[in-house]
Amino acid sequence: MSIFSAIKSDIEVILKDMARRENWPEGLPIDRVTVEPPRDASHGDVATNAAMVLAKPIGAKPRAIAEALAQALEALEVVESADVAGPGFINLRLDPDVWRREVVEILRLGVDYGASAIGGGKPVNVEYVSANPTGPLHAAHARGAVFGDALAALLEKAGFAVTREYYINDAGAQVATLARSAHLRYREALGEDIGAIPEGHYPGAYLKDVGQALAAEFGDRYAKAPEEEWLELFRSRTVALMMDGVNADLIALGVDIAVFTSERALVDAGAVDRVLEALEARELVYTGTLEPPKGKILEDWEPRPQLLFKATQFGDDVDRPLKKSDGSWTYFSNDIAYHLDKYRRGFAEMIDVWGADHGGYVKRMKAAVSAVTDGAGALDVKLCQLVHLYDGGTPVRMSKRAGTFVTLRDVIERVGPDVVRFIMLTRRNDQTLEFDFQKVVEQSRDNPVFYVQYAHARAASVIRNAAEDPTGFDLSDAALSKASLACLTDPDELGLIKVLAGWPRLVEAAAEAHEPHRVAFYLGDVAAAFHGLWNKGKEDARLRFIAEGDPETTRARLALVRATATVIASGLAVIGVSPVEELRE
RNA sequence: GUCCUCGUAGCUCAGUUGGAUAGAGCACCAGAUUCCUAAUCUGGGGGUCGCAGGUUCGAAUCCUGCCGGGGACACCA
């Protein structure tokens with residue numbers, strides 16, 4: 001139990017007691033009581049708004065309640081002082097031993113420190129990347145891949161049973177085009193001069209390998225055959241090869257997705273027909289004609305009766321088509337089937353990670369999930385904004401047509417997976433992000449990856465130096481946790497511990513908000529507190545971690561150093577970045 | 001035209017789901033190195049939280065309307 005939740009339950013006990021004695025009304029909004037660190041550290045260690053939240057229902061003045069509550073809190077052993085401030089806040093200062101004991105807890109739990117049970121083992125499905133299998137992943141996919149993966153890890157840390165999933169869009173016209181493009185490369189591989197790749201095909205050179213593979217497998221059997229004979233075969237072969245490449249790139253980024261679901265397999269299995277039945281059973285389908293969209297000129301628009309889903313009943317702006325004009329299912333229909341499939345596999349909670357350009361699709365998808373699960377399924381959609389690539393301040397221009405796009409593989413090979421992963425989380429997902437190839441590998445304060453990794457490496461370095469001491473400490477965590485932590489008296493030492501003790505709280509808040517970037521920002525705070533303390537030892541030798549001639553203090557400080565490294569490693573594990581022991585040029 | 005999203009220090013961005021006097025980094029100014037990695041740190045100045053209303057003990061945060069940037073708007077995926 002974290003320090004804050006422990007205090008909260010203490011407060012609840014006291015409040016119940018007061019309610020009984022003072023004859024407070026039933027049904028007080030206890031759940032609105034917060035116990036958290038105050039924004040301004042000078043206010044103390046812990047603040048609660050209990051008196052302000054309860055004042056109105058009780059019919060008393062906030063400060064009067066606060067005074068009584070503060071008095072009761074002051075009697076607690078862990079509380080050093082309790083003061084009423086402002087409109088009725090109660091600020092608590094805790095016995096420093098409360099904080100020191102947290103160091104022991106960190107060393108005991110190791111990188112598992114911060115794990116929470118709020119998820120209660122509830123299944124959650126996180127679907128991310130899901131790029132079309134028509135080519136290799138490019139740089140822009142990195143953001144969704146890292147975001148989704150970190151979110152999944154964060155939810156695991158918070159006690160959810162997470163499944164990482166990728167939806168393969170292998171059912172539409174694009175993969176047919178892919179198959180035709182592959183057929184061209186197949187003929188090329190057989191020695192035919194195919195000339196320039198015709199308009200409407202994928203020109204990418206990456207399909208040459210596919211052509212070779214197809215030629216090796218089938219010889220010239222389909223070189224001159226009509227399309228009906230090879231299209232399906234080539235489609236499935238090419239998609240499989242593309243997905244092998246996609247998965248290899250994801251693995252190189254440290255993204256290990258457990259479930260790949262094929263859109264086509266769902267369609268072939270009749271999942272979409274069943275969705276239509278489910279919608280019809282709820283009277284949510286009808287045939288109607290949509291108004292032409294305004295503000296966008298469509299030359300080929302013609303009013304047409306279509307099979308529509310009553311999305312407006314669930315908060316969408318217009319009803320949405322389920323079938324195309326040629327009678328086949330829309331992508332949307334297939335996607336409803338996919339989400340219902342996820343729901344039926346046991347995921348009442350689903351998270352989709354999409355590019356921001358799909359923002360216009362969110363309402364209808366949520367509407368559909370709500371409809372087909374009768375409100376029991378919850379879908380959260382996280383939109384990732386664009387990544388702008390730079391190289392030393394110069395924008396990297398990318399054009400698919402000119403074939404100058406930067407692949408994910410390129411980025412990983414140039415800066416390494418750790419850098420990619422960390423940088424992708426240095427902005428909220430809905431903000432655009434700059435990624436400069438040169439800046440992200442700089443070893444300076446400006447570079448958050450370096451700054452955090454250096455803190456971990458520096459901690460490791462201190463331990464290495466201590467190990468060289470001839471007096472020979474036992475530097476295992478188990479031994480260090482028995483150190484006399486009362487030696488940790490400097491405000492900055494206690495300040496660092498307080499930052500470290502915030503890790504469990506942060507995990508829970510970030511997991512509930514589905515915001516993994518908070519982990520990256522938190523790690524920056526930990527690193528800043530640690531670097532600050534380290535540098536204080538530069539100026540004042542008495543504050544150095546390794547205190548000459550004072551083994552007891554040294555051991556206590558080394559315990560703190562190890563605790564710091566442990567929390568950083570724990571946070572980096574959520575992001576999927578390796579904690580380095582050493583940074584040397 | 002409709003919907004989504006963002007708007008916070010000169011710049012780049014956080015802001016603990018509604019808390020107190022809104023915070024970091026960069027840049028600027030002034031400092032710290034016989035010393036555990038100075039690849040770092042300390043201090044200082046800098047704000048109409050786009051604007052205007054509303055909700056309440058309390059709003060950067062929630063609601064409404066404007067202004068400005070970005071994105072999306074039958075059948076593509």
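Quick caveat: nothing in here was measured; it's all calculated off a predicted structure. To find a chain, count down the sequence lines: A is the first, B the second, and so on, and within it residues start at 1.
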Next on the checklist: Taking side-chain contact (heavy atoms from CB on, under 4.5 Å) as the definition, give me every residue that meets it alongside A/D550, ordered by chain and number, with sequence neighbours left out.
Outcome noted: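 A/D550: side-chain contact (heavy atoms from CB on, under 4.5 Å) contacts with A/A547, A/E552, A/T553.
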
Checklist entry - Can you list the residues that meet the side-chain contact (heavy atoms from CB on, under 4.5 Å) rule with A/P516, with sequence neighbours excluded? => result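 side-chain contact (heavy atoms from CB on, under 4.5 Å) list for A/P516, sorted by chain: A/F147, A/A150, A/L151, A/L154, A/L425.
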
Next on the checklist: Which nucleotide wins on minimum distance to the side chain of A/N49, given the candidates B/U56, B/G19, B/U17?
Outcome noted: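 Of the options given, the side chain of A/N49 lies nearest B/G19.
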
Next on the checklist: Protein within reach of the bases, or only the backbone? For nucleotides 59-70 of chain B, mark each nucleotide 5' to 3' as B, S or -, using heavy atoms under 4.0 Å.
Outcome noted: -B----------

Checklist entry - Which pairs pass salt bridge (Lys or Arg N to Asp or Glu O under 4.0 Å) with one or both residues in residues 432-456 of chain A, sequence neighbours excluded? => result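 Output for this query is empty, none listed.
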
Next on the checklist: Under the salt bridge (Lys or Arg N to Asp or Glu O under 4.0 Å) definition, can you give me all pairs with a residue in residues 511-536 of chain A, not counting sequence neighbours?
Outcome noted: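 Salt bridge (Lys or Arg N to Asp or Glu O under 4.0 Å) check on residues 511-536 of chain A returns A/D490-A/K536, A/D492-A/K536, A/E515-A/R518.
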
Checklist entry - By salt bridge (Lys or Arg N to Asp or Glu O under 4.0 Å), which residues pair with A/D83, not counting sequence neighbours? => result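 For A/D83 there are no salt bridge (Lys or Arg N to Asp or Glu O under 4.0 Å) partners, ignoring immediate neighbours.
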
Checklist entry - Sequence neighbours excluded, which residues qualify as salt bridge (Lys or Arg N to Asp or Glu O under 4.0 Å) partners of A/R562? => result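 Partners of A/R562 by the salt bridge (Lys or Arg N to Asp or Glu O under 4.0 Å) criterion, ordered by chain and then number, come out as A/D477.
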
Next on the checklist: Show me the pairs that pass side chain to side chain donor-acceptor pair (under 3.5 Å) and involve residues 54-68 of chain A, at least two apart or across chains.
Outcome noted: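 Matches after skipping sequence neighbours: none remain.
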
Checklist entry - Sequence neighbours excluded, which residues qualify as side chain to side chain donor-acceptor pair (under 3.5 Å) partners of A/T564? => result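 A/T564 satisfies side chain to side chain donor-acceptor pair (under 3.5 Å) with no other residue.
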
Item to check | Partner residues of A/Y390 under the side chain to side chain donor-acceptor pair (under 3.5 Å) criterion, sequence neighbours left out | outcome: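 So A/Y390 forms no side chain to side chain donor-acceptor pair (under 3.5 Å) with any residue.
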
Next on the checklist: For a quick check, tell me whether the side chain of A/N535 and the base of B/A38 share a donor-acceptor pair closer than 3.5 Å.
Outcome noted: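 Absent.
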
Checklist entry - If pairs are Watson-Crick or G-U with both distances under 3.5 Å, what is the dot-bracket string of RNA chain B, marking crossing pairs with [ ] and pairs to another strand with |? => result (((((((..((((.....[...)))).(((((.......))))).....(((((..]....))))))))))))....

Do any N or O atoms of the protein come closer than 3.5 Å to N or O atoms of nucleotides 74-76 of chain B, and which pairs are they?
from, atom 1, to, atom 2, distance (Å)
B/A74, OP1, A/K296, NZ, 3.3
B/A74, N6, A/D300, O, 3.2
B/A74, N1, A/E302, O, 3.1
B/A74, N1, A/R304, NH2, 3.4
B/C75, O2', A/S325, N, 3.4
B/C75, O2, A/S325, OG, 3.3
B/C76, OP1, A/Y331, N, 3.3

